[in-house]
Amino acid sequence: MTATEQDEYADIRDAVAKLCAQFPGEYWRKLDRQMVYPSEFVDALTKAGYLSVLIPEEYGGAGLKLSAAAAILEEIQRAGCNGGGCHAQMYTMGTLLRHGNAEQKQRYLPRIARGELRLQAFAVTEPNAGSETTRIQTMAVRKGDRYVVNGQKVFISRVQQSDLMLLLARTTPYDELTDKTRGLSVFIVELGSAEGHLDVRPIDLMINHHSNELFFDDLEIPAENLIGEEGMGFRYIIDGWNAERILIAAEAIGDGRWFVDRAVSYASGREVFGRPIGANQGVQFPIAQAYGNLEAADLVRYQAASKFDRNERCGAEANLAKLLASQASWEAANACLNAHGGYGFAAEYDVERKYRETRLLSIAPVNNNLVLAYLGQHVLGLPRSY
Ligand SMILES: Cc1cc2nc3c(=O)[nH]c(=O)nc-3n(C[C@H](O)[C@H](O)[C@H](O)COP(=O)(O)OP(=O)(O)OC[C@H]3O[C@@H](n4cnc5c(N)ncnc54)[C@H](O)[C@@H]3O)c2cc1C
């Protein structure tokens with residue numbers, strides 16, 4: 001029995017797998033060639049209620065635990081689909097749930113749950129700050145009952161496919177802070193009213209992911225759209241990191257299992273030198289190793305998710321799960337590509353597409369170097385590099 005089979009979400013997993021079966025490789029290949037957003041797939045997930053599982057029942061969601069969201073994302077990836085078009089709704093939901101006020105939740109959550117509003121964009125990264133989030137420069141200045149935003153972001157995904165975007169902006173100049181983790185704030189931006197003040201420029205990427213450069217020019221946000229307390233935004237972002245890392249780990253494990261399934265199937269059927277290539281240890285062992293790595297990463301993912309769902313501290317497990325799962329999926333991707341030989345490069349096998357897609361999980365939304373720094377500095381107590 002694999003770690004995955006031990007969870008309580010067998011029914012959800014089956015239902016997600018059935019939905020995903022309606023979106024085969026051919027669907028994704030066509031979109032990938034033209035870099036088109038998977039609207040039909042996201043609509044189907046929304047209609048089935050999977051993207052609102054984390055929204056409490058009182059606001060029209062399913063009120064399920066993070067483990068359920070993780071199981072859904074894992075199954076999407078395992079089926080060969082790509083949750084990258086919609087996973088942010090799960091990644092970012094916690095910021096609104098934990099730190100939004102009652103009025104904000106009432107205003108947005110029921111409509112998100114009904115699929116009328118999409119909260120798919122979260123704008124943090126900036127060209128001059130990169131991983132050092134406390135150095136962001138986009139400024140939100142309070143003027144009466146509004147904030148006026150000026151600045152620039154980069155790699156902000158799904159802006160054109162969202163109605164709402166969470167924005168992290170500076171509300172106190174860096175030089176005026178004694179505590180450098182203060183001075184940032186989170187806002188809900190209603191993108192429909194941003195026209196003329198927000199220039200969105202798509203970035204040509206290696207995968208079909210819809211990321212953009214953003215240029216804010218006197219964008220006005222009503223003060224009531226500030227989430228939580230002014231100046232506490234970095235703390236709110238950190239609060240979401242464990243959930244995000246657990247969800248990424250689940251997606252990586254789903255990808256990894258897809259690679260292993262495909263590698264096993266291909267290596268069992270393809271005959272060269274008069275026997276299936278999978279009989280050769282040079283082909284078989286990397287696949288077996290990838291399987292082992294995935295199972296180990298999955299156990300850590302389960303431990304992290306269970307602790308998270310019990311409201312226990314889980315920073316060490318969440319970071320470790322993200323690290324191990326993204327490494328395991330990448331290793332599985334390589335084993336799968338190698339097993340396919342030249343055919344691994346042929347788009348019709350979907351291996352090259354998934355190979356490109358899974359590579360992202362080591363880099364974004366957080367780079368594995370920063371995960372290692374967390375483990376080194378916060379878990380092992382090594383000297384800090386930043
Ligand atoms: C497809 C895609 C989608 C994205 N979507 C979003 C989004 O929707 N919203 C958003 O806000 N951001 C998004 N990002 C941005 C992503 O989160 C950043 O790329 C990531 O956080 C790293 O920032 P950077 O690219 O500026 O790298 P840098 O911070 O410049 O880092 C470059 C390299 O140096 C390493 N490095 C830096 N400092 C250290 C250190 N102290 N120790 C060790 N190594 C270090 C990094 O680990 C990395 O390998 C997306 C990125 C991609 C590629």
Side-chain angles (χ1 to χ4, degrees), residues 54-56 59 61 66 69 87-109 112 117 119-126 129-142 147 149 151 153 155-158 162 164-174 176-191 214 216 219 221-248 304 308-309 311-315 318-319 322 364-366 370-371 374 378 386:
L54 293 177
I55 297 179
Y59 297 111
L66 189 74
H87 58 192
Q89 198 141 301
M90 293 179 179
Y91 283 15
T92 58
M93 186 56 70
T95 307
L96 183 54
L97 290 177
R98 270 190 302 275
H99 304 292
N101 60 35
E103 197 275 322
Q104 288 166 340
K105 289 185 199 175
Q106 197 54 56
R107 187 163 11 131
Y108 295 116
L109 292 177
I112 295 173
L117 289 179
L119 171 61
Q120 293 289 2
F122 200 1
V124 175
T125 307
E126 295 191 8
S131 308
E132 195 177 1
T133 303
T134 53
R135 282 286 192 171
I136 63 164
Q137 295 167 341
T138 294
M139 197 75 202
V141 178
R142 177 105 193 214
Y147 283 87
V149 181
K153 298 274 176 188
F155 291 119
I156 311 308
S157 307
R158 301 162 299 268
S162 294
L164 303 173
M165 176 175 81
L166 292 186
L167 168 70
L168 184 72
R170 177 166 298 290
T171 37
T172 308
Y174 188 81
E176 293 176 17
L177 295 167
T178 42
D179 177 351
K180 303 297 184 193
T181 64
R182 296 284 173 100
L184 304 180
S185 303
V186 177
F187 300 90
I188 308 178
V189 179
E190 297 194 6
L191 288 162
L214 304 186
F216 297 87
L219 174 73
I221 305 174
E224 67 203 33
N225 282 26
L226 170 74
I227 293 191
E229 223 179 293
E230 185 183 297
M232 295 301 290
F234 185 63
R235 168 57 42 201
Y236 302 160
I237 301 284
I238 290 180
D239 281 352
W241 278 352
N242 287 338
E244 184 184 84
R245 280 151 175 69
I246 292 167
L247 293 172
I248 301 168
F308 185 96
D309 287 340
N311 278 327
E312 292 172 20
R313 290 168 74 90
C314 62
N319 277 278
K322 191 280 178 186
V366 60
L370 293 190
V371 172
Y374 177 92
H378 295 281
Y386 57 86

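FYI, the numbering just counts along the sequence from 1. Values in this document were obtained by computation on a predicted structure and should not be read as measured data.
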Distance-only donor-acceptor check, side chains Y91 and H87, under 3.5 Å: yes

Closest non-hydrogen atom pair between A123 and L214, with its separation: CB-CD1, 4.3 Å

Nearest heavy-atom neighbours spanning L177 and R170: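 Of all heavy-atom pairs spanning L177 and R170, the closest is CD1-NH1, 3.7 Å.
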
From [X] atom [atom1] to [Y] atom [atom2], the distance as rounded to the nearest 0.5 Å:
{"X": "R235", "Y": "L184", "atom1": "CZ", "atom2": "CG", "result": "12.0 Å"}
{"X": "E224", "Y": "Q104", "atom1": "CD", "atom2": "CD", "result": "8.0 Å"}
{"X": "K153", "Y": "T138", "atom1": "NZ", "atom2": "OG1", "result": "4.5 Å"}

Near-ring test Y147/F187, centroid separation under 6.0 angstrom: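 Centroid distance F187-Y147: below 6.0 Å, so yes.
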
Parallel, tilted or perpendicular: rings of H99 and Y236 (30°, 60°): parallel

N319 side chain vs R245 backbone, donor-acceptor pair below 3.5 Å: no

Any heavy-atom pair between the side chains of [Y] and [X] that's under 4.5 Å?
{"X": "L166", "Y": "I188", "answer": "yes"}
{"X": "Y108", "Y": "E190", "answer": "yes"}
{"X": "D179", "Y": "F234", "answer": "no"}
{"X": "K105", "Y": "Y59", "answer": "yes"}

R182, CZ: over 12 other non-hydrogen atoms inside 6.0 angstrom: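 Atom CZ in R182 is not crowded, with 12 or fewer foreign heavy atoms closer than 6.0 Å.
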
